[in-house]
Engineer: 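Structure in structure tokens, see below.
Every number for a ligand or one of its atoms is a count from 1 in the order of the listing.
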Amino acid sequence: MTVTRTSAPTTPVTTARNGLDGVLARPGDPRYDEAVATYNLASPLHPSAALTARSTDDVVAAVRAARRAGLAVRSQSTGHGAGSQASLDGTVLVRTALDVPVRVDPDARTAHVPAGATWADVVTAAEPYGLAALHGSSPTVGVVGNVLGGGISFYGRGHGVAANHVRSITLVLADGRPVVADADHEPELFWALRGGGGGFGVVTEIEVELIEMTAVVTGGTFWDASDAAVVATLWEAWTAAAPTAATTSLRLMNLPPLPGVPPMITGRQVLVLDGAVQVPRAADLDLAHRVVADLLEPLRAAATPVLDTWHVASPSRLTLTHLDPPDPIPYRGEHALLHPLGAAGVARFVEAAGPGSGTTIVSAELRQLGGAFAAPERPGGAFDCTDAAFAYVGLGLATPDGAGATADDLARIAVATGPWRTGFTAPTFVEGRTQPQRTFDDATVARVDAVRRTVDPDGVFAGGVAPVVDRPAAA
Ligand SMILES: Cc1cc2nc3c(=O)[nH]c(=O)nc-3n(C[C@H](O)[C@H](O)[C@H](O)COP(=O)(O)OP(=O)(O)OC[C@H]3O[C@@H](n4cnc5c(N)ncnc54)[C@H](O)[C@@H]3O)c2cc1C
């Protein structure tokens, strides 16, 4: 069956005529609003029909109903990645929020994670066993979207991308069949799912591997942005030979006054260095303290911080280090993977995003890569490593009166970092389909496409496939 698309975003779907059997909600139905809600308020979604799936049976029913109606199918879990969704005209959006808990197997060191669970759900369930997961910086990001896009964690320089630590993925295919993909069953599909750019089916569960972690040394050191050039130059030089136990991030931030956020870091631009040094076993704590001291002491000596919060914490506290907003906000972002910047690159970055640039964006970040991100212990899926030194991510508010300034700021930083851009991007950090993106080489693109043609010959999920573009596409 060929999937056809309708043109109007809110095309009414008449259940009786199209055979949707009352499974799917249409615009105007509160169940529709629940299913289409996004974290990025600047990226509303307008599918033709929607459903919040609480079980695998719900997903199967939705896929079958959509096909009977001649509609395409796409998925979301938490809506954190809504900015990268293409138009949902003629499409059923399945929000996966499966009504089962995360199940940890401490002996196997794995967690069975239902689609819809967040990284906070996983680390909370794993912590009593001295285990942690390769979660991203935010507790509210969903495991499925994060892992399918690779997943860049503050444990990543020690362990690589999160997608390399997956045992199995359960999904409902275009014919409505639930299948398990792992190293022994559907191995090519298992490979393509991990970073391949979507378009394979609706995932209902991911079995992730957990890592031994008794504690982390984590926190942030904040400086007035006037110290950015000197501190950022020292940090960038440290990253070249940094121990893999540490994964850090350097950001220029403009935070408005916020409840619970120390006033000395709001209402002004600050430079913040945060991240984690892992402590797998109690005996590793002294070494972790030395790593933090080696990093921070020269920086503290070069410029006096306005706030310093590094401390020993339980692994679940790491999801709070990066101060990611827990509640939905309207924003726009831009991302690129970068080569080592050196002093010249740091200077250009600070010039474009720091004091004197006039920037209003909330955050211009350099996330430290290298280590196991570049040389993983074992190969994983389609996106299993990157040899970039940094992931740049710029984020600004996309409120009606702020969106223009944000776009200008992001464009200026893009130009400034241009000479250091690798030409590649990390899938999870791409915000929007019109920005340049490329995850892998053409041979990998072809291999992933071959898997898609096999499992979804009619293109039911084709509308969700991440585009391969090196330059901004037409909006
Ligand atoms: C505050 C914040 C902090 C972040 N920090 C990090 C970080 O540290 N590291 C990092 O790597 N990324 C980070 N991200 C990016 C995040 O990992 C991606 O946006 C990711 O796609 C979110 O996944 P989700 O499931 O929560 O979002 P969703 O919007 O629900 O899903 C994103 C995409 O995943 C796919 N998907 C979701 N559910 C399913 C399903 N059931 N079946 C099939 N496909 C599905 C779809 O293609 C969907 O478009 C951050 C994002 C935010 C907003």
Engineer: Got the residues with a heavy atom under 4.0 Å of ligand 1, by chain and number?
Structural biologist: Tyr39, Ser75, Gln76, Ser77, Thr78, Gly79, His80, Gly81, Ala82, Gln85, Thr96, Ala115, Gly136, Ser137, Ser138, Val141, Gly142, Val144, Gly145, Asn146, Leu148, Gly151, Ile152, Gly201, Val202, Val203, Asp324, Tyr331, Arg367, Thr428, Phe429

Engineer: Taking C-beta and beyond as the side chain, do Val291 and Val217 meet within less than 4.5 Å on heavy atoms?
Structural biologist: no

Engineer: Under the rule for side chain to side chain contact (heavy atoms under 4.5 Å, CB included), what residues qualify as partners of Ser55, not counting sequence neighbours?
Structural biologist: Asp57, Asp58

Engineer: Val448 versus Phe200: any side-chain heavy-atom pair under 4.5 Å?
Structural biologist: yes

Engineer: Okay, side chain of Asp387, backbone of Ala374: is any donor-acceptor separation there less than 3.5 Å?
Structural biologist: no

Engineer: Does the ring of Phe154 carry Arg367 above it, NZ/CZ under 6.0 angstrom from centre and within 45° of its axis?
Structural biologist: yes

Engineer: With the threshold set at 4.0 Å, does a side-chain nitrogen-carboxylate oxygen contact exist between Arg332 and Glu431?
Structural biologist: no

